Amino acid sequence: MTTKPCTICRGRVQEFHDFGMQPLSDAFRRPGDESQEYLFRLAVGMCLDCTMVQLMEEVDRDKMFHESYPFMSGGSAGMRAHFEGGATRFLENTTGRGDDFVVELGSNDGTMLSHLADAGMHHLGVEPSAGVARLAVEKGVRVLGDFFEEESAVRIRGEHGPATVIYAANTLCHIPYLDSVFAGVNELLAPDGIMVFEDPYFGDIVEKTSFDQIYDEHFYLFSARSVQELARRHGLELVDVERLPVHGGEVRYTLARSGAREVSDAVTVMIAAEERSGLTEPATLEAFSHRVSDIRRDLDAALTELRAQGLTVVGYGATAKSATVLNMCGIGPDLIPRIFDNTPAKQGLLTPGSRIPVVDSADFPDPYPDVAVLFAWNHAREITARETGFLDAGGRWLLYVPRVHEM
Ligand code: SAM
Ligand code: TMP
Ligand code: ZN
């Protein structure tokens with residue numbers, strides 16, 4: 001297990017799990033494309049000083065976020081409802097002075113900002129992936145096609161004035177260069193403005209052994225303690241935290257300029273709970289790593305046994321997360337011959353590394369398989385509620401988080 005300098009504080013990051021060589025989680029391939037796939041070593045560690053959990057190796061951002069970035073926020077009804085709720089809060093809680101300006105980093109297909117655009121609120125999405133950004137523009141959202149960092153923040157401030165809210169969902173944890181991002185936040189944020197971001201919570205990842213949240217794009221796995229320290233280093237303060245049920249457990253962090261807002265008790269409570277649970281203790285991380293290895297062993301054994309029984313096994317949800325588990329276990333089309341997914345940009349392509357064909361989930365019942373591995377386990381309620389015919393036909397859902405089991 002190696003060490004490296006922390007990208008936040010320059011302290012020493014101690015590796016605690018190595019997933020081996022992995023492809024980019026969203027680099028779906030055309031059938032017949034035999035070109036060499038880009039691979040990197042996916043390993044995760046924790047900073048012994050500021051406790052920030054981070055990947056040991058960084059992937060160049062242009063390799064991940066580009067014209068054909070396939071993930072779309074609007075692909076799940078649950079997430080559409082979540083972002084509508086978030087937008088409603090912004091509409092109700094901003095200053096109401098008429099000079100509110102909401103900037104969303106990683107606005108993707110405009111699922112959240114379209115509500116603010118519809119309400120006539122001054123807004124801007126910042127989105128480097130041009131394909132999804134176009135979908136947002138078609139919804140009437142104003143988008144800057146760029147990466148948010150210090151330089152673009154200065155331009156935004158010059159053109160639009162200060163932001164009362166800077167918001168980011170499932171985006172900040174994707175950005176290794178947070179120094180530049182927070183320099184940009186300091187440029188752009190109004191004196192009494194807030195920065196709100198929500199990302200997978202490391203506490204949930206350890207508690208549920210949801211190791212598949214670890215992949216190229218998820219460079220950081222935040223906790224309240226590490227975010228508090230991150231904010232402090234940039235003259236900001238963590239003033240509120242709120243747990244969210246989406247994506248297998250997230251936290252919504254609210255930052256303000258130091259001393260500008262009262263700090264909610266929820267911050268102290270969450271940091272104390274992290275301390276009590278030993279979230280940053282080496283023994284906790286070691287135990288997590290052992291549980292990941294157990295899941296790998298059990299999933300391999302379960303799929304091999306199902307194949308020996310002659311049952312048809314498929315995957316459901318060609319998630320970015322599935323790249324970690326498929327490539328970690330060396331699962332290919334011999335064990336899982338196809339994965340169903342509702343994203344047009346993924347259908348007809350092969351999963352990265354594992355080369356499993358992705359097919360339209362509308363064809364799932366045609367005919368139903370015996371067993372479906374639910375890679376989109378974070379959308380389990382939505383998917384199982386829609387696919388009730390699968391269970392009626394005798395089908396079985398197989399999950400691997402928090403351990404290998406049938407639902
Ligand atoms: N916010 C949406 C959601 O929660 O569904 C999209 C999340 S998606 C996983 C991450 C998005 O962040 C991608 O659309 C990507 O292009 C964008 N992104 C990556 N780096 C960025 C940066 N420096 N500034 C703004 N957006 C960025
Ligand atoms: P996510 O876990 O990163 O949100 O990705 C979910 C993937 O699962 C995405 O590719 C869309 C797919 N999906 C379906 O195919 N059907 C569904 O009902 C849902 C909710 C997601
Ligand atoms: Zn650090």
Side-chain angles (χ1 to χ4, degrees), residues 5-13 25-26 28 45-54 61-62 64-66 69-80 82-83 86 103-113 125-133 136 144-149 152-153 167-178 180-181 184 197-200 212-213 215 217-219 226 229-230 233 246-248 250 315-322 339-343 345-347 358-362 364 374-387:
C6 173
T7 45
I8 304 296
C9 78
R10 300 276 130 209
R12 191 154 61 92
V13 175
S25 60
D26 271 318
F28 292 83
M46 176 178 279
C47 175
L48 301 175
D49 289 341
C50 75
T51 76
M52 184 63 84
V53 178
Q54 56 200 274
R61 65 188 192 180
D62 297 312
M64 298 186 283
F65 309 117
H66 45 63
Y69 180 67
F71 174 81
M72 280 169 217
S73 316
S76 133
M79 290 312 292
R80 288 197 298 275
H82 172 75
F83 288 126
V103 177
E104 182 180 358
L105 319 183
S107 48
N108 198 266
D109 62 2
T111 298
M112 197 290 283
L113 278 185
V126 186
E127 178 50 68
S129 297
V132 288
L144 173 68
D146 209 342
F147 289 94
F148 184 86
E149 55 194 328
S152 48
Y167 171 72
N170 308 298
T171 296
L172 224 62
C173 77
H174 292 56
I175 309 181
Y177 44 98
L178 286 184
S180 175
V181 165
F197 59 98
E198 45 195 68
D199 284 291
D212 56 348
Q213 290 284 12
Y215 53 90
E217 293 173 24
H218 284 178
F219 187 81
S226 62
E229 174 64 16
L230 168 67
R233 300 181 73 82
V246 298
H247 288 310
E250 300 206 328
Y316 203 111
T319 56
K321 294 185 288 296
S322 71
I339 300 186
F340 292 93
D341 195 285
N342 65 4
T343 315
K346 297 181 183 179
Q347 294 160 3
V358 181
V359 292
D360 189 344
S361 51
F364 183 58
L374 187 54
F375 292 111
W377 53 263
N378 47 316
H379 301 294
R381 193 179 306 167
E382 180 176 339
I383 291 172
T384 55
R386 195 182 43 252
E387 304 290 5

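First listed ligand is number 1; within each ligand, the first listed atom is number 1. What you see is a predicted model, and the numbers here were worked out from it, not measured in a lab.
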Checklist entry - Which atom names give the shortest non-hydrogen contact between W377 and D212, and what distance separates them? => result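 Result for this residue pair: NE1-OD2, 2.8 Å.
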
Counting heavy atoms only, which of [options] comes nearest to [atom]?
atom: atom 7 (C) of ligand 1; options: N170, D26, V126; value: N170
atom: atom 26 (N) of ligand 1; options: G106, G86, G131, G75; value: G106
atom: atom 12 (O) of ligand 1; options: D146, L105, T171, V132; value: T171
atom: atom 16 (N) of ligand 2; options: N342, L374, I339; value: N342
atom: atom 8 (S) of ligand 1; options: Y69, F83, F219; value: Y69

Assess, by modelled atom type and distance only, whether the side chains of [X] and [Y] contain a donor and an acceptor separated by less than 3.5 Å.
X: E250; Y: H82; answer: no
X: S152; Y: D146; answer: no
X: E127; Y: Y69; answer: no

For ligand 2, which atoms sit closer than 4.0 Å to a heavy atom of [X]?
X: R386; result: 16 (N), 17 (C), 18 (O)
X: K346; result: 9 (C), 10 (O)
X: G317; result: 8 (O)
X: T319; result: 2 (O), 5 (O), 6 (C), 7 (C)
X: E382; result: 20 (C)

Checklist outcome for this item: Going by the 4.0 angstrom heavy-atom rule, the piece of H247 near ligand 2 is side chain

Item to check | Part of D341 with heavy atoms under 4.0 Å of ligand 2, whether side chain, backbone, both or neither | outcome: both

List the closest protein heavy-atom neighbour of [atom]: residue, atom name, distance to the nearest 0.1 Å.
atom: atom 4 (O) of ligand 2; result: H379 NE2, 2.8 Å
atom: atom 27 (C) of ligand 1; result: P128 CD, 3.4 Å
atom: atom 3 (O) of ligand 2; result: F71 CE1, 3.5 Å
atom: atom 24 (N) of ligand 1; result: F148 N, 2.9 Å
atom: atom 16 (O) of ligand 1; result: E127 OE2, 2.5 Å
atom: atom 2 (O) of ligand 2; result: K321 NZ, 2.6 Å
atom: atom 3 (C) of ligand 1; result: S73 OG, 3.4 Å

Main chain of [Y], side chain of [X]: is a donor-acceptor contact present, judged purely on distance under 3.5 Å?
X: T171; Y: A169; answer: yes
X: D360; Y: Q347; answer: no
X: T111; Y: R80; answer: no
X: S129; Y: V132; answer: no
X: H218; Y: Q213; answer: yes
X: E382; Y: G78; answer: yes
X: Q54; Y: C6; answer: no

Checklist entry - How wide is the angle at the Zn ion (ligand 3) between SG of C6 and SG of C50, to the nearest 10°? => result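 The SG/SG angle about the Zn ion (ligand 3) sits at 110°.
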
Checklist outcome for this item: Rounded to 10°, the SG/C9 to the Zn ion (ligand 3) to SG/C47 angle comes out at 100°

Item to check | Proximity flag E149 to ligand 1, non-hydrogen atoms under 4.0 Å | outcome: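 It does not, in that no heavy atom of E149 comes within the 4.0 Å cut-off of ligand 1.
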
Checklist entry - Judged by non-hydrogen atoms, does E104 sit under 4.0 Å from ligand 1? => result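 Contact check E104 vs ligand 1: positive.
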
Checklist entry - N/O to N/O below 3.5 Å, does that happen between T343 and ligand 2? => result yes

Checklist entry - What do you reckon, does N378 have a nitrogen or oxygen under 3.5 Å from a nitrogen or oxygen of ligand 2? => result yes

Any side-chain heavy-atom pair from [X] and [Y] closer than 4.5 angstrom?
X: D341; Y: S361; result: no
X: L172; Y: L105; result: yes
X: F148; Y: V181; result: yes

Next on the checklist: Geometry only, no angles: is S129 polar-contacting ligand 1 at N/O separations under 3.5 Å?
Outcome noted: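 Right, the criterion is met.
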
Item to check | Which of the ligand 1 atoms, numbered from 1, are nearer than 4.0 Å to a heavy atom of Y177 | outcome: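 With Y177 as reference, the close atoms of ligand 1 come out as 23 (N).
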
Checklist entry - For the residue pair Y167 and F83, does the interplanar ring angle fall in the parallel (under 30°), tilted (30 to 60°) or perpendicular (over 60°) class? => result perpendicular

